[in-house]
Colleague: 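Next up is a structure, given as structure tokens.
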Protein chains: 2
Amino acid sequence: MPEPLLGTAEPGGVPGAAREAVPEEAPRRRLTGRQAATVGSLVEAAVAELREHGYDGLTVRNVARRAGVAPATAYTYFGSKDHLVTEVFWRRLRALPDPAPGPGDSLAARAVAALRDVVLLVADEPALARACTAAMLTSEPDVRHLRERIGGWIHRRLAHALGPAAAPGVLGALELAYTGAMVQAGMGHLTYERMADRLTEAAELICGGTA
Amino acid sequence: MPEPLLGTAEPGGVPGAAREAVPEEAPRRRLTGRQAATVGSLVEAAVAELREHGYDGLTVRNVARRAGVAPATAYTYFGSKDHLVTEVFWRRLRALPDPAPGPGDSLAARAVAALRDVVLLVADEPALARACTAAMLTSEPDVRHLRERIGGWIHRRLAHALGPAAAPGVLGALELAYTGAMVQAGMGHLTYERMADRLTEAAELICGGTA
DNA sequence: CTACTTTCCGGACAGGTGTCCAGTGAGGGA
DNA sequence: TCCCTCACTGGACACCTGTCCGGAAAGTAG
């Protein structure tokens, strides 16, 4: 895997520095306009393909064809099929607004506000949601890296919602419940809506004693 | 997929009833002695292969070779690689003893007793554990079916441990936390031991208000 | 307009997956 | 004893994955 160049663009990507003697941890240069357009069309095509054929039916080659791009080009930016669909999820996450402030809310209410949107983010597109869940659980390094970003993002979102006063165990417990909810929903036992309710209930139990 | 004959033998498989108009849901006849030996050796070989090469390095053909069996034979019993390694986990689960009674214990203590063993079941073989986690999250019908069995098994174990008096939401929340713990541990953020501690903490929070 | 770099193409490649099927051989029943 | 069933064989198949590489094409100078 020759370091898929997709650093999920973010300020701070060293432009020309940090060369040499560091085979791993790629330079992660930013994407030029054309490159960004290419990965954008790849992501869009992946979403379309996912809607039509689901995760198992998705093929990197088909996504590339749909995006009007050669397969090898797709593999330039995404190290694997799973990396591609994880990126779909990650982009949706980042588009999510911050949880409503609600300063007077209880701890549980704040936790719910932070988590519920995330679960419902893809609720109306189960095929897409299940695909993302499946892809995110892979062991490829690219996916792993993105997953850690996502995990960190959620951790910060939750921590920020709870405020500094919350007991540390509460945060961990909520993250456990959140992960469980996403995975169980991805497996189709319950709809995402019902799972969001269940997660809400769990959050209230977890925060209950600490009010 | 021509119905892998592995019904994970269990009494109660309707013998001749419920026929017709149901192409799915195979007859699920039991395995003969020789068949059982074959699948047994396949499972053993899978474990060995998993220990040596991990999930990604495991090949159905290699497992078959190791078990002294033709690849096609392996596919007769297991519809996929993931089905095979999920079966590994399922067999270990079933070998687990019932949680210690402890009649005077708190709700949280009983929940922990029921869940902790399950998390620690494969704790000393991380490669194996991660493989099982990865395999179980697949969408193949065979895996799905086995997964539902496993989910039901855990549900009953938990429900039995908590007793009939426990609030229904508590059970759901614990299941969420358990799933989250297994998945997160499978991803290697924390060791299984530490994750078991975290799950314990979550269980106490969840049961705390309901004591 | 030319030279050079970066991006992308297209196609071949080595593996793995799951499927299929004609055929072999050992065990059980008549 | 013969035969027949059924588990298993072995190898070919279609398809997908991720990798590699020579060369076309698009941009950016000079």
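All values below were derived from every heavy atom in this structure, side-chain atoms included, with hydrogens, water molecules and symmetry-related copies excluded. Throughout, protein chains are lettered first and strands after them, A, B, ... in sequence-line order, and every chain is numbered starting at 1.
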Colleague: Give, for atom CZ of B:R149 and atom OG1 of B:T86, the distance between the pair rounded to the nearest 0.5 Å.
Modeller: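 Interatomic distance, B:R149 CZ to B:T86 OG1, rounded to 0.5 Å: 13.0 Å.
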Colleague: Tell me: CG of A:D82 to P of D:dC16, nearest whole Å?
Modeller: 16 Å
Colleague: On DNA chain C, does the nearest nucleotide to A:R61 precede the nearest nucleotide to A:V69 from the 5' side, or the other way round? Give the residue.
Modeller: A:V69
Colleague: Looking at A:N62, is its backbone amide N or carbonyl O close enough to the side chain of A:T59 to form a donor-acceptor pair, meaning the two atoms are under 3.5 Å apart?
Modeller: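 Not a single qualifying donor-acceptor pair exists.
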Colleague: Take atom CZ of B:F78 and atom P of C:dT19, then tell me their distance rounded to the nearest Å.
Modeller: 14 Å
Colleague: Looking at A:R66 and A:E52, is any side-chain nitrogen of the basic one under 4.0 Å from a carboxylate oxygen of the acidic one?
Modeller: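 So A:E52 pairs with A:R66 through a salt bridge.
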Colleague: Would you kindly compare B:P71 and A:P71 by the position of their nearest DNA chain D nucleotide and give the one closer to the 5′ end?
Modeller: B:P71
Colleague: Round to a whole Å and report the spacing from OH of B:Y75 to P of C:dG18.
Modeller: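 Between P of C:dG18 and OH of B:Y75: 4 Å.
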Colleague: For A:N62 and D:dT17, give me the distance from atom CG to atom P, rounded to whole Å.
Modeller: 8 Å
Colleague: Rounding to an integer number of Å, can you tell me how far A:L58 CG sits from D:dC15 P?
Modeller: 17 Å
Colleague: Please confirm whether the shortest side-chain N or O distance from A:T73 to OP1 or OP2 of C:dC9 is below 4.0 Å.
Modeller: yes
Colleague: Scan B:T59 against the nucleic acid and name what it touches under 4.0 Å (heavy atoms): base, sugar-phosphate only, or nothing.
Modeller: sugar-phosphate
Colleague: Determine the contact category for A:G68: base if any of its heavy atoms lies under 4.0 Å from a base atom, sugar-phosphate if only primed atoms, P, OP1 or OP2 are that close, otherwise nothing.
Modeller: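 Contact class for A:G68: sugar-phosphate only.
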Colleague: With a 4.0 Å limit, can you tell me whether A:T76 has a side-chain N or O closer than that to the phosphate oxygens OP1/OP2 of C:dT7?
Modeller: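 Checking C:dT7 against A:T76, no side-chain N or O comes under 4.0 Å of OP1 or OP2.
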Colleague: Once you round it to whole Å, what is the distance between C1' of C:dG11 and CZ of A:R65?
Modeller: 14 Å
Colleague: When the distance from CG of B:L42 to P of D:dA7 is rounded to whole Å, what number comes out?
Modeller: 15 Å
